[in-house]
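Down below is the structure, laid out as structure tokens.
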Amino acid sequence: MYRLCDRWLFTWLISQLPSLGIAAQKNDSTSPFAKLPNIFNISSGIQHGFIFAHSPLVENTKGANPTGIEVSFGWQRSDALTWNLCNCFPRKGLLIAYYDYDTKILGKGISAAYFLEPNYKLGKKNFFSIKGAAGFSYLTNPFDSMKNPTNQSYSAAVNGYLLIGIDLWFKLSDHWWLNGSVNYQHVSNGGLNQPNKGINWPTAGIAIGYQKNPRPYYSGIRSKERSWKGNPPRWDISIFGIAKKSSDEHGNRKRLPLLGFSIQGSKQVGRISILTLGAEIFNDEALRMQLKRDTIDASAIRAGVAFGHEFLLGKFLFSQRLGVYIFHQTPYYDRIYHRWGIHYIINRHWGVGFNLLAHRHVADFIDVRLSYSL
């Protein structure tokens, strides 16, 4: 009986060798099927720049030169599976920054943000990357009618924070990297409080990065698989809204709703790239209050169409859209606007996220949205 079992076990092991070989190949770092753990890295550096006075109301901050200290904690992919997906090695993580804005009007601030940074190989020892980050900032000297009446940039201590930048990475050794970057940064509260012209400041900086457990980056030939071409267009409907703070004709501060609806069609044109075209309509009660205060007879409803692009990264969609109002009666805003958003795909039909609408360099509002894919 034992000999029979031994023979059966031996025969079974022999029969499994081909599949075991395939499994071994899939775990090989050179295999296009391989998915390896992220490389953890930490970097720290300094940034220096200038305040961009984008509105006459913030001319009093012109000439200030913010200086900041940044620390980032990153997790980077280096395997063949990632390379075949996006032709890059994306790095994601947490960015923490402290800034002195070089003027008493703006004070100081500390920001924490999630960042995404696709890295592209320029050579064996250098990379080029595009970085985007979104999070929150705590600022020390908001607008106050008595203590700080000249601060038209922000009126709340906690604000939204956005960053977009380009980086160059130079390998010094297996563990150490040198990083140079140019960034454009923005802080505002998305229209939740007024005044809210925002802080805009370009910076340039240098940092040093450390990897405790380095690993070679995949350098094989990229797969030509294009199954995404068969994906049909996606149709989404969304409802969105936020509560904005405004003052009535008597000076009383109130939270008033902004509610809207949108429909959008999208088509995947690459492994991580999607083109979009959509329309939206929304009613802004805070705008209605402002029109009433200024005795302007106009509608608080706005409607527009927007063309854009989405990065498809797992269950996240990072969107950028340029729109034009087709119905717009108020004198306060340009007819052209732009939107920036992050959306999380819950399942086949449902998704949630947030979106920033801005006119040139001035943020109008940040909305929270729920979407349904048809």
Side-chain angles (χ1 to χ4, degrees), residues 49-64 66 99-111 134-163 184-202 241-258 282 284-296 298 300 302 328 330-334 336-340 354-368:
F50 63 92
I51 294 292
F52 175 50
H54 57 281
S55 165
L57 293 175
V58 296
E59 283 287 335
N60 56 359
T61 64
K62 188 175 181 179
Y99 271 92
D100 183 337
Y101 290 105
D102 192 37
T103 169
K104 291 182 179 180
I105 296 171
L106 299 178
K108 300 173 176 61
I110 185 168
S111 302
F136 297 94
S137 290
Y138 175 80
L139 304 175
T140 61
N141 200 21
F143 167 85
D144 185 280
S145 58
M146 298 297 292
K147 297 179 181 180
N148 194 21
T150 62
N151 185 355
Q152 297 295 304
S153 298
Y154 67 94
S155 55
V158 178
N159 297 266
Y161 170 78
L162 296 172
L163 175 148
Y184 189 90
Q185 303 179 66
H186 171 81
V187 165
S188 71
N189 64 51
L192 294 177
N193 289 282
Q194 296 296 334
N196 180 49
K197 293 300 180 184
I199 309 174
N200 297 281
W201 73 106
I242 197 68
K244 298 174 67 177
K245 184 175 283 189
S246 184
S247 300
D248 61 20
E249 62 270 27
H250 304 296
N252 300 314
R253 304 286 282 174
K254 296 181 178 181
R255 288 277 182 196
L256 298 170
L258 180 151
F282 54 92
D284 185 350
E285 288 298 321
L287 175 59
R288 190 185 305 279
M289 185 75 71
Q290 184 177 0
L291 292 167
K292 185 177 180 180
R293 287 199 313 268
D294 297 340
T295 63
I296 297 175
R302 284 177 276 173
H328 167 58
T330 67
Y332 309 119
Y333 308 112
D334 294 336
I336 303 296
Y337 65 93
H338 51 101
R339 277 190 173 276
W340 304 81
F354 63 89
N355 213 277
L356 167 71
L357 185 147
H359 304 93
R360 286 193 259 182
H361 300 284
V362 180
D364 188 350
F365 61 85
I366 296 175
D367 63 67
V368 180

Go through the steps for S155 and N189 under the test side chain to side chain contact (heavy atoms under 4.5 Å, CB included), then give the verdict. CA-CA 8 Å; S155 55; N189 64 51; 3.8 Å; yes

For Y99 and W201: C-alpha separation, side-chain torsions, deciding distance, then whether ring pair (Phe, Tyr, Trp, His ring centres under 6.0 Å) applies. CA-CA 11 Å; Y99 271 92; W201 73 106; 5.4 Å; yes

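I199 is not listed as a side-chain neighbour of F52, based on a closest heavy-atom distance of 4.5 Å or more. Side-chain contact between D100 and P66 is absent, with no heavy atoms from C-beta onward closer than 4.5 Å. Between I366 and I242 there is no side-chain heavy-atom pair separated by less than 4.5 Å. Counting only heavy atoms from C-beta outward, the side chains of R288 and T330 never approach each other to under 4.5 Å. Side chains of Q152 and F143 form a contact here, defined as non-hydrogen atoms less than 4.5 Å apart. With a 4.5 Å cut-off on side-chain heavy atoms, L106 and S153 count as touching. Within the 4.5 Å cutoff, no side-chain heavy atoms of H359 are placed close to those of I336.
By the 4.0 Å N-to-carboxylate-O rule, D364 lies close enough to K244 to be salt-bridged with it. Between D102 and K108, no side-chain nitrogen of the basic residue sits less than 4.0 Å from a carboxylate oxygen of the acidic one, so the salt-bridge criterion is not met.
Note that the CG atom of L162 and the OG atom of S111 stand 10.5 Å from one another [nearest 0.5 Å]. Separation of atoms CZ (F365) and CG (L357) is listed at 4.5 Å; rounding is to 0.5 Å. If you take CD on Q290 and CD on E285, they are separated by 13.0 Å, rounding to the nearest 0.5 Å.
Proximity of a side-chain donor or acceptor of N148 to a complementary backbone N or O of I105 within less than 3.5 Å is detected. N141 contributes a side-chain N or O that, together with a main-chain N or O of K104, makes up a donor-acceptor pair within less than 3.5 Å. A donor-acceptor pair is defined here as one N or O able to donate and one able to accept, closer than 3.5 Å; no such pair exists between the side chain of N200 and the backbone of H54. Checking side-chain atoms of N159 against main-chain N and O of V187 turns up no donor-acceptor pair under 3.5 Å.
The salt bridge (Lys or Arg N to Asp or Glu O under 4.0 Å) search around K197 returns none, not counting sequence neighbours. Evaluation of the salt bridge (Lys or Arg N to Asp or Glu O under 4.0 Å) rule for R360 yields D334 as partners, not counting sequence neighbours.
In terms of heavy atoms, N196 sits closest to S188 at OD1-CB, 3.4 Å. When every heavy atom of T103 is checked against every heavy atom of A64, the shortest pair comes out as CG2-CB, 4.0 Å. Between P142 and A156, the shortest heavy-atom distance links the atoms CB-N, 3.8 Å.
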Could you pull out all donor-acceptor pairs under 3.5 Å where a side-chain atom in residues 55-62 meets a protein atom, sequence neighbours excluded?
{"unit_1": "S55", "atom_1": "OG", "unit_2": "L57", "atom_2": "N", "d": "3.3"}
{"unit_1": "N60", "atom_1": "ND2", "unit_2": "T150", "atom_2": "O", "d": "2.8"}
{"unit_1": "T61", "atom_1": "OG1", "unit_2": "V58", "atom_2": "O", "d": "2.8"}

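Side chains of Y332 and D294: a donor-acceptor N/O pair is present below 3.5 angstrom, by distance only.
A cation-pi contact, defined as under 6.0 Å to the ring centre and within 45° of the axis, links R302 to Y333.
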